[in-house]
There are 2 protein chains.
Amino acid sequence: MEKTMSKPSPAVNCGNCSVRRLCLPVGLSEDDIQRLEQVTRKKKILKAGDSLFRAGDPFSSLYAIRSGSFKSAVIGADGDTQVTHFALPGELLGLDAYSSGAHPGYAEALEDSSVCVLPFTQLENLAQQVPALQKQMYTIFSEELKQDNDVLLLLGKRSAESRLAALLINISSRYAQRGYSASEFKLSMQRIDIANYLGLTAETVSRLMSRFQKQGLIRAQGRAVAILDLIALSELAGTHCSYEND
Amino acid sequence: MEKTMSKPSPAVNCGNCSVRRLCLPVGLSEDDIQRLEQVTRKKKILKAGDSLFRAGDPFSSLYAIRSGSFKSAVIGADGDTQVTHFALPGELLGLDAYSSGAHPGYAEALEDSSVCVLPFTQLENLAQQVPALQKQMYTIFSEELKQDNDVLLLLGKRSAESRLAALLINISSRYAQRGYSASEFKLSMQRIDIANYLGLTAETVSRLMSRFQKQGLIRAQGRAVAILDLIALSELAGTHCSYEND
DNA sequence: CGACCCATTGACCACCCTCAAATAAGGTGG
DNA sequence: CCACCTTATTTGAGGGTGGTCAATGGGTCG
């Protein structure tokens with residue numbers, strides 16, 4: 001850590017990254033991590049509203065979020081969009097672009113954010129040499145598939161109430177995982193994004209937020225949210241709460 | 001092909017598999033395919049209704065469908081299920097089990113079916129040695145993610161009418177890809193599975209099938225379906241009725 | 001042939017969307 | 001720092017889509 005003093009900018013690398021345990025290098029040796037850092041050198045800073053990539057952009061890299069948050073969305077044939085993820089630090093964006101060589105959707109910063117740019121060809125080559133990294137690649141892909149399934153479950157059968165409760169709990173637990181408060185946080189996305197993600201309208205989301213507040217489940221003022229009754233909220237969500245903690 | 005005469009059962013291997021172009025060995029040399037066949041030796045035959053794996057089963061293998069069809073589903077905390085895929089020959093099942101080491105959902109044969117059992121550890125080792133196979137693994141994962149996104153788009157914003165139209169077109173095109181008729185086929189799943197997959201009820205699906213038939217879009221008798229007007233059906237699937245076209 | 005499951009069709013109504021308006025929040029220039 | 005504009009959020013009223021409940025018809029298999 002003291003090494004940072006000798007440089008004008010803080011030494012951001014995988015070894016001291018605040019989200020390293022959530023990101024790629026899990027179970028890698030010090031040596032492997034050093035090799036990985038050759039791949040993750042490039043960073044990118046984005047302001048709120050900036051696009052990380054757009055639909056149709058050629059695929060060249062994966063992006064690991066270091067700070068901030070993003071929404072990613074796919075665009076249908078008739079132009080309407082579906083928000084598919086809200087991504088937090090330590091999560092990877094761009095995985096779905098590999099097969100076709102182009103990004104099927106876009107990713108947009110919800111606040112000022114920074115990402116590691118991971119050139120996929122280099123990452124692929126390194127993974128070919130480092131089995132532990134290879135496994136981690138599979139894990140990330142598989143984890144992503146599992147998360148998508150959870151969203152499908154949400155969109156398929158649940159009521160609006162259940163969906164919003166599930167989202168609040170999900171975001172709460174993900175903040176907690178990152179060392180922030182699980183009970184109090186500021187949503188970085190607007191109502192309409194939440195609505196789109198949940199397959200609802202902004203009005204319905206707004207009404208539900210008000211209702212949850214009247215019921216004493218949450219305290220909400222604009223984007224600032226406090227969870228007051230996690231148990232009750234979990235029941236509304238269908239006990240669909242902390243599947244990430246097992 | 002003549003070799004099969006010397007054996008009681010037909011020689012099923014990757015080299016002559018009818019779905020090889022859809023399956024793993026794309027862009028592999030003859031030599032690589034031979035090595036792959038050491039991994040894909042084991043087959044499994046299932047009758048309609050049999051489970052390929054159940055939720056919670058330990059993850060050990062991927063399954064490549066050789067013939068027949070499957071539905072796969074995830075199970076929510078409160079027990080209700082969401083059908084996530086209808087899988088046809090050449091497609092892979094079990095990808096979402098890697099990260100946790102257990103299958104998060106189950107897969108069930110919709111008709112008499114057969115699969116290749118691919119022990120993942122062996123597949124992983126081989127992929128480590130054969131870069132083309134490694135790339136194919138990424139492609140399959142990524143393709144799966146993209147397909148999930150498409151389903152999200154379907155469940156998030158589309159009307160019941162649009163969802164069913166989209167499913168019929170999707171199935172039609174996948175049958176066509178496999179050399180079957182694109183305009184006439186027999187659905188292997190029951191209405192309630194379709195409904196569950198689309199986030200609807202069996203009654204709604206049934207009503208829509210009847211309506212499509214009255215409108216001359218399809219001819220349907222039970223599970224036998226004929227597409228009569230693909231253009232009109234595509235319009236239903238793509239745009240939201242005749243609302244506003246931006 | 002009866003038992004069972006699946007598919008179809010109808011009546012009713014709840015939930016959520018649409019449309020509309022008011023209020024709050026955020027950003028920009030004077 | 002305030003006035004002004006724009007955008008986001010909240011709240012209300014009303015209507016439509018699709019779910020629920022229920023009954024009938026058809027298919028399959030013992």
Side-chain angles (χ1 to χ4, degrees), chain A residues 47-50 71 80 82-83 108 110-112 154-168 186-215 218-225 236 238, chain B residues 47-49 71 80 82-83 108 110-112 154-168 186-215 218-225 236 239-246:
Chain A
K47 292 211 170 97
D50 285 354
K71 69 171 175 181
D80 67 4
Q82 169 70 34
V83 173
E108 185 184 310
L110 293 169
E111 54 195 315
D112 293 356
L154 205 65
L155 291 182
K157 297 206 76 82
R158 307 307 245 268
S159 67
E161 183 182 65
S162 176
R163 295 181 199 189
L164 183 59
L167 177 65
L168 289 174
K186 183 160 163 284
L187 296 170
S188 60
M189 68 295 283
Q190 29 184 30
R191 294 286 186 269
I192 200 173
D193 290 326
I194 295 178
N196 186 311
Y197 176 73
L198 296 175
L200 302 171
T201 60
E203 292 94 328
T204 297
V205 170
S206 185
R207 269 185 269 269
L208 286 171
M209 294 288 281
S210 300
R211 196 163 97 204
F212 286 171
Q213 182 150 17
K214 280 200 191 82
Q215 294 171 335
I218 65 172
R219 182 162 35 80
Q221 173 150 23
R223 301 195 182 177
V225 173
L236 280 188
Chain B
K47 293 210 169 97
K71 69 170 173 182
D80 68 3
Q82 169 71 33
V83 174
E108 183 184 312
L110 294 168
E111 56 194 312
D112 294 357
L154 205 64
L155 291 182
K157 295 205 74 85
R158 308 305 246 265
S159 68
E161 182 181 65
S162 176
R163 295 181 199 190
L164 183 58
L167 177 65
L168 290 174
K186 184 163 161 280
L187 296 169
S188 60
M189 68 295 284
Q190 39 186 49
R191 293 286 187 270
I192 200 173
D193 290 327
I194 295 178
N196 187 307
Y197 176 73
L198 296 176
L200 304 171
T201 60
E203 291 93 328
T204 298
V205 170
S206 189
R207 270 185 267 270
L208 286 171
M209 294 288 280
S210 301
R211 195 161 98 203
F212 285 172
Q213 183 151 19
K214 280 198 192 81
Q215 295 171 333
I218 65 172
R219 184 160 35 78
Q221 173 151 27
R223 299 193 184 179
V225 173
L236 280 188
T239 38
H240 205 71
C241 261
S242 54
Y243 267 87
E244 315 158 66
N245 303 353
D246 3 344

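Quick note on labels: first sequence line is chain A, next is B, and so on, each numbered from 1. All values below were derived from every heavy atom in this structure, side-chain atoms included, with hydrogens, water molecules and symmetry-related copies excluded.
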Given side chain to side chain contact (heavy atoms under 4.5 Å, CB included), test D80(B) with R158(A) step by step and report yes or no. CA-CA 10 Å; D80(B) 68 3; R158(A) 307 307 245 268; 3.6 Å; yes

Residues R207(A), R211(A); criterion side chain to side chain contact (heavy atoms under 4.5 Å, CB included); working and verdict: CA-CA 6 Å; R207(A) 269 185 269 269; R211(A) 196 163 97 204; over 6 Å; no

Taking [atom1] from [X] and [atom2] from [N], how many angstroms apart are they, rounded to a whole number?
X       : N       : atom1 : atom2 : value
K157(B) : dT18(C) : NZ    : C1'   : 13 Å
L155(A) : dC16(C) : CG    : P     : 13 Å
N196(A) : dC17(C) : CG    : P     : 11 Å
K47(A)  : dG27(C) : NZ    : P     : 13 Å
L164(A) : dC16(C) : CG    : P     : 11 Å
L198(B) : dG18(D) : CG    : P     : 12 Å
K186(A) : dA8(D)  : NZ    : C1'   : 13 Å
L236(A) : dC15(C) : CG    : P     : 14 Å

Let me have a per-nucleotide readout for nucleotides 3-10 of chain C, 5' to 3', with B, S or -, counting only protein heavy atoms under 4.0 Å. ---SSBBB

Could you pull out every donor-acceptor pair under 3.5 Å between side chains of residues 188-196 of chain A and any protein atom, sequence neighbours left out?
from	atom 1	to	atom 2	distance (Å)
S188(A)	OG	S69(A)	OG	2.7
R191(A)	NH2	G222(A)	O	2.6
D193(A)	OD1	K71(A)	NZ	2.8
N196(A)	OD1	V83(A)	N	2.8
N196(A)	ND2	T81(A)	O	3.1

Can you find a side chain N or O atom of T201(B) that sits less than 4.0 Å from OP1 or OP2 on dG19(D)? yes

Apply side chain to side chain contact (heavy atoms under 4.5 Å, CB included) to residues E161(A) and F212(A) and explain how you reach the verdict. CA-CA 9 Å; E161(A) 183 182 65; F212(A) 286 171; 3.8 Å; yes

Through what angle, rounded to 10 degrees, does the axis of the helix from dC1(C)-dG30(D) to dG30(C)-dC1(D) turn between its ends, using five pairs per end? 50°

